[in-house]
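All of these numbers come straight from a predicted model, not from anything done at the bench.
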Amino acid sequence: MDHQSRTDILIASLITKIRPAVRRWSLAAGLLASVSCRDKPGAPPPALPAVGGQVSLIRVPRYGGQVEVYAPDSLGKPIWLSRADLKPVRHVLGVDVEDRLLFLIDSTDALIAVDLEARGVRGALTKVRQATIVPDGSVYVTTTTNGVTHFTARTPTSYKPEVPGSLRFLVGTLGDRFVAATATEPAKLLVMNAERMLHSTDLPDGEPAATYWGDLVAVPTPSGVSLFETSEPFGSYEIKVSGTPHAVTFSPSGHRIYVARGKSDIVVFDRFSSSELTTIALPGRADRIRTDVSGRWMLAKPFKGDSVWVIDLATNRLATTVRTEWQDDLPSMAGANDLLVRQGED
């Protein structure tokens, strides 16, 4: 198999140390981790399950072929191959750990499930426009006919409400609520379940972000961060932030809010009190930011240059700078201490 001639998608998790890995795309999967926090009134859903045992690297060929699984200490010979080939892949969603299913969208706009035990490949839905996966493994899909379908425990549920075409942002919740931001002007935040539209409100122009469980949506604004609850009573409020915020993300537990602004730092807020906790000094302004599923690391893309900053959230300090491109799924932390980056054309 010619690994140098293809663009690949990797799904990765726990290895042992920070080091570059040769491949093109990655997506966190397998057993996930987070920083656990004590519950309190109004707390978000419980933290993601802790890492337990060894997990694997799953290699999905972008231009079609067999899915391959690798031992985490090697990117050499695969230890597992799917029994059937995939068609070219449009987007990898992630893994339903409990049902051992890898979900992706192929080039024919079909939702595909790869059985990680039986090694089979089967179609789950056609005419898929967009999709998202929840940490519990359920998948929310919008179709080219503006419908919404929720897959959970291998069972599809069609929603009665429809969405207005392509969405600017979509996320699922731990229950059955689908949350989306429209691409219309002005943008609307929509919250629906299988039976009806539950809530709709105007959104600011910034790029939305959500907690892992979809219970809170944040949007940066010139004066701060607007926050929208996706359950009753659908409250909203704003955290004032100086320096013109332009990017926001959450800790895996949803208890911390990280804001990138027009200064050489990232501001950290408490989600419940809205109080500023600290600032993380950086060599320059961060354009994009994201946290890993363990809650230990943050990756930041500078406004200038072709590098990525790796931030240790245990110390709130810059750990290292890595020269690599920034994409939606790469670079990515793989488990506790491993960093996957794109190298060259592979």
Side-chain angles (χ1 to χ4, degrees), residues 12-20 26-40 43-51 55 135 207 209-213 215-216 218 220 225 227 239 241 243 245-261 263-303 307-322 324 326 328-341:
S13 198
L14 181 66
I15 311 183
T16 55
K17 60 183 180 179
I18 293 182
R19 61 174 186 217
S26 77
L27 178 68
L31 298 177
L32 307 179
S34 78
V35 179
S36 62
C37 300
R38 182 178 300 175
D39 289 339
K40 60 179 73 176
L48 297 170
V51 169
V55 292
E207 184 66 28
T211 58
Y212 270 70
W213 299 111
D215 63 303
L216 190 67
V225 176
L227 295 140
I239 297 176
V241 186
H246 57 265
V248 60
T249 193
F250 290 92
S251 63
S253 67
H255 289 207
R256 298 287 180 265
I257 303 171
Y258 301 95
V259 183
R261 57 183 179 172
K263 297 183 179 182
S264 299
D265 61 22
I266 292 171
V267 193
V268 186
F269 291 89
D270 181 90
R271 176 248 185 92
F272 300 102
S273 66
S274 299
S275 59
E276 182 177 327
L277 300 177
T278 189
T279 58
I280 302 171
L282 295 174
R285 292 185 298 155
D287 180 29
R288 305 277 298 277
I289 55 176
R290 58 173 172 248
T291 54
D292 80 315
V293 294
S294 75
R296 172 68 187 271
W297 304 102
M298 174 182 287
L299 303 178
K301 175 185 177 297
F303 261 102
S307 297
V308 170
W309 295 319
V310 182
I311 300 162
D312 187 343
L313 295 178
T315 61
N316 288 325
R317 293 181 179 178
L318 179 67
T320 189
T321 300
V322 180
T324 184
W326 179 280
D328 288 343
D329 54 359
L330 271 185
S332 176
M333 295 303 302
N337 297 93
D338 228 48
L339 180 69
L340 296 182
V341 301

Exercise for the section: Go through the steps for R296 and L313 under the test side chain to side chain contact (heavy atoms under 4.5 Å, CB included), then give the verdict. Expected result: CA-CA 5 Å; R296 172 68 187 271; L313 295 178; 5.8 Å; no
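Here the side chains of L277 and F269 are not in contact, with every heavy-atom distance at 4.5 Å or above. For the pair L318 and P283, the minimum side-chain heavy-atom distance is below 4.5 Å. Considering only heavy atoms from C-beta on, L227 comes within 4.5 Å of I257 through its side chain. For the pair T279/K263, no side-chain contact is recorded, criterion being any heavy-atom separation below 4.5 Å from C-beta on.
Take R256 and apply the salt bridge (Lys or Arg N to Asp or Glu O under 4.0 Å) test, not counting sequence neighbours, and it matches D270. The side chain to side chain contact (heavy atoms under 4.5 Å, CB included) check on A281 picks up nothing, with sequence neighbours excluded. For T249, the side chain to side chain contact (heavy atoms under 4.5 Å, CB included) partners are Y258, I289, T291, M298, not counting sequence neighbours. Here R261 pairs with D265 under the salt bridge (Lys or Arg N to Asp or Glu O under 4.0 Å) rule; sequence neighbours left out. With sequence neighbours left out, A210 forms a side chain to side chain contact (heavy atoms under 4.5 Å, CB included) with F169, V171, V217. Judged as a salt bridge (Lys or Arg N to Asp or Glu O under 4.0 Å), and not counting sequence neighbours, the contacts of K301 are D287. Every side chain to side chain contact (heavy atoms under 4.5 Å, CB included) that A209 has, sequence neighbours left out, goes to V248. Qualifying side chain to side chain donor-acceptor pair (under 3.5 Å) partners for N316, counting only residues two or more places apart in sequence or in other chains: none.
R285 places no side-chain N or O within 3.5 Å of a backbone atom of F303 that could act as its donor or acceptor partner. Checked by atom type and distance alone, the side chain of R288 never pairs as donor or acceptor with a backbone atom of L299 at under 3.5 Å. Remark: the backbone N or O of E207 is not paired with any side-chain donor or acceptor of H246 at under 3.5 angstrom. For D312 (side chain) and A319 (main-chain N/O), no donor-acceptor pair under 3.5 Å exists by modelled atom type.
Sorted by first and then second residue, the salt bridge (charged side-chain N to carboxylate O under 4.0 Å, His left out) pairs with a member in residues 245-254 form an empty list; sequence neighbours excluded.
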